[in-house]
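In what follows, a structure is listed as structure tokens, so that the remarks can point back to it.
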Amino acid sequence: MKLVAALFASAVVAVPSTFAAAPAQPGLHTGIVLTEASPLASTAEIVRRTFSPLTTQHIAEVASVAGQPLDITREKFVVYVPTHKPPQGYALLVFVPPWDVAALPSGWASVLDDKGIVFVSAAHSGNDTKVEFRRLPLAVIAAQRLMRDYDVDPSRVLVGGFSGGSRVALRIALAYPDVFHGALLNSDSDPIGTTAIPLPPADLMHRFQDSSRLYYVTGELDSGARNMQAASETSLQGWCVFDVHATAMLHAGHTTADERALSLALDTLLDPTPAKYDDLAGCRARNQSDISSAVQHIEALIASGDKAAARRALTDLDTKFGGLAADQILSLAKKVQ
């Protein structure tokens, strides 16, 4: 549980309530400090949304989850304000980079201007930093603060990322479907429902299925990322996430989205037309049936006296179904102690 120890060793309880003025003029602004944290980025809320039920229970037993995982007053962001504000309010793209520098990818400014999208990205949020207590809370805090400061339409808030940042963006979209309504997944992705990316509590998972839209942008020549995308898309379909789209950048390798691909992705992600789900209810019913079968198997092992096998099966249930089966997992955990 090294991750757990690191998470709580870094927590700070007090967060100042003063505010830094958001840049009002259009254009690129660097070194922006956002001095107000968000309850949605508290350590307790991150744990609830991103860890499996058994891990969450263990954390509660061994550590306090009070406070924030970082001191937001020490963090800096880059903010791009487009040249015009749409009648319904700005859209917002929170970008998770693979690099340590807060930067706007080349060629993106004109697309953001065209669509009226505010862009924000944190410094020191690259692949060498931890997801749970840096990359995730930085993205959530940035979204919450800029939504208010720029009169952002809350139905037009997106999270995105490139390479390793894209993998984190999917985790954030899954854990926070009440904040982010779409995700731009540029040149890397992962399956969900794994040890690395557990499913969130059922209410959040159902919201993710109902209202989140995902868009993959991958270079035609980026074979590694294309293979990862295929596995990720298959996983999403199995977990009843159907509002998924993709485009390939012709003759491109592992690179950020070009203007054409970015424009197409953002148009799709911000399209207000509701998605149509032909088999959402049936898919959910199949998942619930699988959970019921796994629970019955574990209960049979417990009844037979083989608690060691029951614990192994419970770990498998916790890994695969995560928060979607939280009540059953925690109830069984008491029986196999």
Side-chain angles (χ1 to χ4, degrees), residues 20-34 76-99 101-123 125-126 135 138-163 165-166 168-170 172-173 176 179-188 212-219 245-247 249 252 255-272:
Q25 296 299 316
L28 187 66
H29 304 270
T30 61
I32 301 301
V33 177
L34 307 177
K76 293 186 178 181
F77 298 78
V78 62
V79 175
Y80 185 82
V81 182
T83 53
H84 77 281
K85 180 180 179 180
Q88 71 270 44
Y90 289 114
L92 174 64
L93 173 60
V94 180
F95 182 77
V96 184
W99 47 72
V101 178
L104 175 67
S106 176
W108 284 26
S110 61
V111 179
L112 299 172
D113 283 338
D114 180 57
K115 303 180 190 308
I117 302 173
V118 175
F119 172 98
V120 61
S121 186
S125 184
R135 303 174 93 182
L138 285 169
V140 173
I141 291 169
Q144 293 280 284
R145 180 60 195 269
L146 269 67
M147 285 171 66
R148 183 187 62 199
D149 286 355
Y150 289 99
D151 189 26
V152 169
D153 179 349
S155 69
R156 291 160 54 83
V157 178
L158 309 173
V159 63
F162 167 64
S163 191
S166 175
V168 176
L170 177 57
I172 294 171
Y176 287 86
V179 176
F180 301 100
H181 299 279
L184 171 65
L185 307 175
N186 185 183
S187 299
D188 258 347
S212 292
R213 182 169 293 165
L214 308 178
Y215 203 108
Y216 296 90
V217 176
T218 307
H245 310 263
T247 192
M249 294 181 288
T255 184
T256 54
D258 57 31
E259 292 180 36
R260 175 189 168 278
L262 179 65
S263 180
L264 179 61
L266 293 175
D267 280 343
T268 302
L269 288 168
L270 296 174
D271 185 347

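Any value given below was found using the heavy atoms of this structure, including those in side chains, with hydrogens, waters and symmetry copies removed.
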message: Checking D271 now: which residues fulfil side-chain hydrogen bond (donor to acceptor under 3.5 Å, both in side chains) with it, not counting sequence neighbours?
response: T273

query: Would you find a donor on one side and an acceptor on the other, under 3.5 Å apart, between the side chain of R135 and the backbone of V168?
result: no

field: Atom pair NE2/CZ of H29 and F119 - distance to nearest 0.5 Å
entry: 13.0 Å

- request: Under the side-chain hydrogen bond (donor to acceptor under 3.5 Å, both in side chains) rule, collect the residues that match up with D258, sequence neighbours excluded.
  value: none

Residue among K115, R156, R213 satisfying salt bridge (Lys or Arg N to Asp or Glu O under 4.0 Å) with D267: K115

- prompt: What closest approach, in Å, do V152 and V157 show between heavy atoms, and which atom pair accounts for it?
  reply: CG1-CG2, 3.8 Å

query: Taking it one step at a time, do H181 and S212 satisfy side-chain contact (heavy atoms from CB on, under 4.5 Å)?
result: CA-CA 5 Å; H181 299 279; S212 292; 6.0 Å; no

field: G160 versus A169, closest heavy-atom pair with distance
entry: C-CB, 3.6 Å

- prompt: Is the shortest heavy-atom distance from the side chain of Y150 to the side chain of V79 under 4.5 Å?
  reply: yes

message: Within the 4.5 Å heavy-atom criterion, are P154 and M147 side-chain neighbours or not?
response: yes

- request: Supply the atom-to-atom distance T30 OG1 to L28 CG, rounded to the nearest 0.5 angstrom.
  value: 6.5 Å

query: With sequence neighbours left out, what residues match A109 under side chain to side chain contact (heavy atoms under 4.5 Å, CB included)?
result: Y80, L104

statement: Minimal heavy-atom distance between N186 and T256, with the atoms involved, is OD1-CA, 3.3 Å

field: Under 3.5 Å donor-acceptor, R145 side chain and L34 backbone
entry: no

task: Only counting residues at least two apart or in another chain, list the ones meeting side chain to side chain contact (heavy atoms under 4.5 Å, CB included) with T247.
output: Y215, V217, R260, A261, L264

- prompt: Considering residues at least two apart in sequence or located in another chain, which fulfil the side-chain hydrogen bond (donor to acceptor under 3.5 Å, both in side chains) criterion with H245?
  reply: D243

- prompt: Backbone N or O of D188 within a donor-acceptor pair of the S166 side chain at under 3.5 Å?
  reply: yes

field: Heavy-atom closest contact (A257 atom, W108 atom, distance)
entry: O-NE1, 2.9 Å

query: So, do I32 and K76 sit near enough that their side-chain heavy atoms are less than 4.5 Å apart?
result: no

Give the table of side-chain donor-acceptor pairs shorter than 3.5 Å for residues 81-99, with sequence neighbours excluded, one pair per line with atom names and distance.
from, atom 1, to, atom 2, distance (Å)
H84, ND1, D113, O, 2.8
K85, NZ, D151, OD2, 2.9
W99, NE1, V101, O, 3.0

- request: Apply side-chain contact (heavy atoms from CB on, under 4.5 Å) to the pair F77 and L138, showing each step before the final yes or no.
  value: CA-CA 9 Å; F77 298 78; L138 285 169; 3.8 Å; yes

Steps toward side-chain contact (heavy atoms from CB on, under 4.5 Å) verdict (L184, L158): CA-CA 7 Å; L184 171 65; L158 309 173; over 6 Å; no

